[in-house]
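Inspection log for the structure reproduced underneath, given as structure tokens.
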There are 2 protein chains.
Amino acid sequence: MRLTEKRIAAALREHGYKLTPQRRVVIGAIAASPDHLTPADLYQKAHQDHPTIGLTTIYRTLEILARLELICELHAGGSCRSYTIGAPEHHHHIICSVCGEVVDFSGYDISPLEKRLSRETGFEIEGHLLEFIGRCQNCQQNA
Amino acid sequence: MRLTEKRIAAALREHGYKLTPQRRVVIGAIAASPDHLTPADLYQKAHQDHPTIGLTTIYRTLEILARLELICELHAGGSCRSYTIGAPEHHHHIICSVCGEVVDFSGYDISPLEKRLSRETGFEIEGHLLEFIGRCQNCQQNA
DNA sequence: TGTGTAAATGATAATCCTTTTCATTTAGAG
DNA sequence: CTCTAAATGAAAAGGATTATCATTTACACA
Ligand SMILES: [Mn+2]
Ligand SMILES: [Mn+2]
Ligand SMILES: [Zn+2]
Ligand SMILES: [Zn+2]
């Protein structure tokens with residue numbers, strides 16, 4: 001089940017945002033597609049209903065909607081990466097949203113889930129990404 | 001425990017890659033730091049030991065090392081995103097590495113892990129990212 | 001139903017990050 | 001030592017995202 005256009009518009013208003021034609025169009029475009037769309041995809045679609053809309057407005061609208069959790073943001077493969085030396089044991093990460101500190105954790109086996117998904121979806125799983133975002137102890141105190 | 005510089009160099013050779021001074025320097029820089037470093041960070045560090053190294057070489061080296069799982073790649077917050085309409089129930093994603101198809105899945109509760117991590121690390125967890133990468137049924141056949 | 005104002009918009013430019021290209025250099029097998 | 005495929009790096013190209021700022025507009029309230 002997915003949120004409706006109307007529901008999202010109402011939520012925007014409730015949070016004090018103005019309901020502009022541009023925002024309606026962006027929301028409409030997201031709601032109308034079952035797929036995950038990039039900002040550029042959405043610009044193209046929104047442009048059809050509102051030819052003067054600016055790409056900047058697309059970005060700004062998406063940021064708000066994602067922050068309010070009215071849309072679902074997906075991390076596609078692309079850029080935004082950093083690296084550290086490999087560890088023989090598989091592990092995952094917790095990242096501090098304030099200072100950027102990265103803490104490894106291990107001992108969590110995700111393969112049961114992987115097997116279930118493989119069976120249910122027919123995907124041949126190649127890898128996964130499991131990361132937590134939060135505030136480290138330091139950053140909680142300095143707040 | 002982390003892989004050693006020597007171990008990584010050997011693995012590179014085993015996979016048929018040449019062991020160039022530039023690659024040594026990049027490996028040395030990663031091994032020397034406990035942190036997750038961006039390509040730009042690594043360029044800066046590598047540049048100290050090898051002033052003529054090119055940024056292109058940094059990228060190329062990282063790609064190889066990551067593919068061989070000799071270094072650990074982290075998805076930082078940045079760019080590379082796409083969006084879809086929100087769903088009232090929390091869910092996660094499986095993404096086809098070939099065609100890009102995204103399949104949602106739900107019914108997996110990550111909060112026990114979240115609680116454990118919060119207790120063990122002192123982090124106040126704000127969110128998480130759980131995604132699987134694999135090949136969808138279609139793409140397995142057309143291969 | 002006007003009016004005023006803070007919020008929103010969009011053209012443009014500025015940043016970043018990453019990949020491509022291609023001429024030159026080099027690791028390392030033989 | 002020679003030879004060659006692999007690797008390199010300067011430069012340019014390509015993309016995506018963010019910043020700026022003058023202009024427009026939604027909508028609270030008179
Ligand atoms: Mn790590
Ligand atoms: Mn989704
Ligand atoms: Zn922190
Ligand atoms: Zn596919």
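Here the structure is a predicted model, which is why all the values come from computation and not from measurement. Quick note on labels: first sequence line is chain A, next is B, and so on, each numbered from 1.
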[atom1] of [X] versus [atom2] of [N]: gap in Å, rounded?
X: His15(A); N: dA26(D); atom1: NE2; atom2: C1'; result: 19 Å
X: Leu12(A); N: dC27(D); atom1: CG; atom2: C1'; result: 15 Å
X: Ile58(A); N: dG10(C); atom1: CD1; atom2: P; result: 9 Å
X: Tyr59(A); N: dT15(C); atom1: OH; atom2: P; result: 18 Å
X: Ile53(B); N: dA10(D); atom1: CD1; atom2: P; result: 10 Å
X: Ile64(A); N: dA7(C); atom1: CD1; atom2: C1'; result: 10 Å
X: Glu63(A); N: dA19(D); atom1: CD; atom2: P; result: 10 Å
X: Asp41(B); N: dT18(C); atom1: CG; atom2: P; result: 11 Å

| request: Could you say whether Leu19(A) or Thr61(B) is positioned toward the 5' end of DNA chain D, judged by the nucleotide with the nearest heavy atom to each? | output: Thr61(B)
Between [options], which one does the side chain of [X] approach most closely?
X: Thr52(A); options: dT8(D), dA26(D), dG10(C); result: dG10(C)
X: Leu55(A); options: dG9(D), dT17(D), dT18(C); result: dT17(D)
X: Thr20(A); options: dT8(D), dT17(D), dT9(C); result: dT9(C)
X: Arg60(B); options: dG10(C), dA27(C), dT8(D); result: dT8(D)
X: Arg23(B); options: dG9(D), dT9(C), dA7(D); result: dA7(D)
X: Gln22(A); options: dT18(C), dT9(C), dT8(D); result: dT9(C)
X: Lys18(A); options: dT18(C), dA7(C), dA5(D); result: dA7(C)
X: Tyr17(B); options: dT18(C), dA7(D), dG10(C); result: dA7(D)
X: Thr56(B); options: dG9(D), dA16(D), dT8(D); result: dG9(D)

| said: Counting only heavy atoms not in Glu120(B) (residues, nucleotides, ligands), do more than 12 fall under 6.0 Å from its CD? | reply: yes
| query | Toward the 5' end of DNA chain C, which comes first, Gly54(A) or Arg24(B), by nearest nucleotide? | reply | Gly54(A)
| Mind checking whether Ile71(A) and Val25(A) sit in one hydrophobic cluster, side chains of I, L, V, M, F, W, Y counted as touching below 4.5 Å? | no
| query | Under 4.5 Å between side-chain heavy atoms, hopping through other hydrophobics if needed: is there a path connecting Tyr59(B) to Leu37(B)? | reply | yes
| said: Need one value for Pro21(B): base, sugar-phosphate or nothing, where a base atom within 4.0 Å counts as base even if backbone is also close, heavy atoms only. | reply: sugar-phosphate
| said: Is there a side chain to side chain contact (heavy atoms under 4.5 Å, CB included) between Leu130(A) and Leu129(B)? Walk through the geometry before answering. | reply: CA-CA 5 Å; Leu130(A) 172 57; Leu129(B) 188 58; over 6 Å; no
| query | Parallel, tilted or perpendicular: which fits the ring planes of His128(A) and His92(A), with parallel below 30° and perpendicular above 60°? | reply | tilted
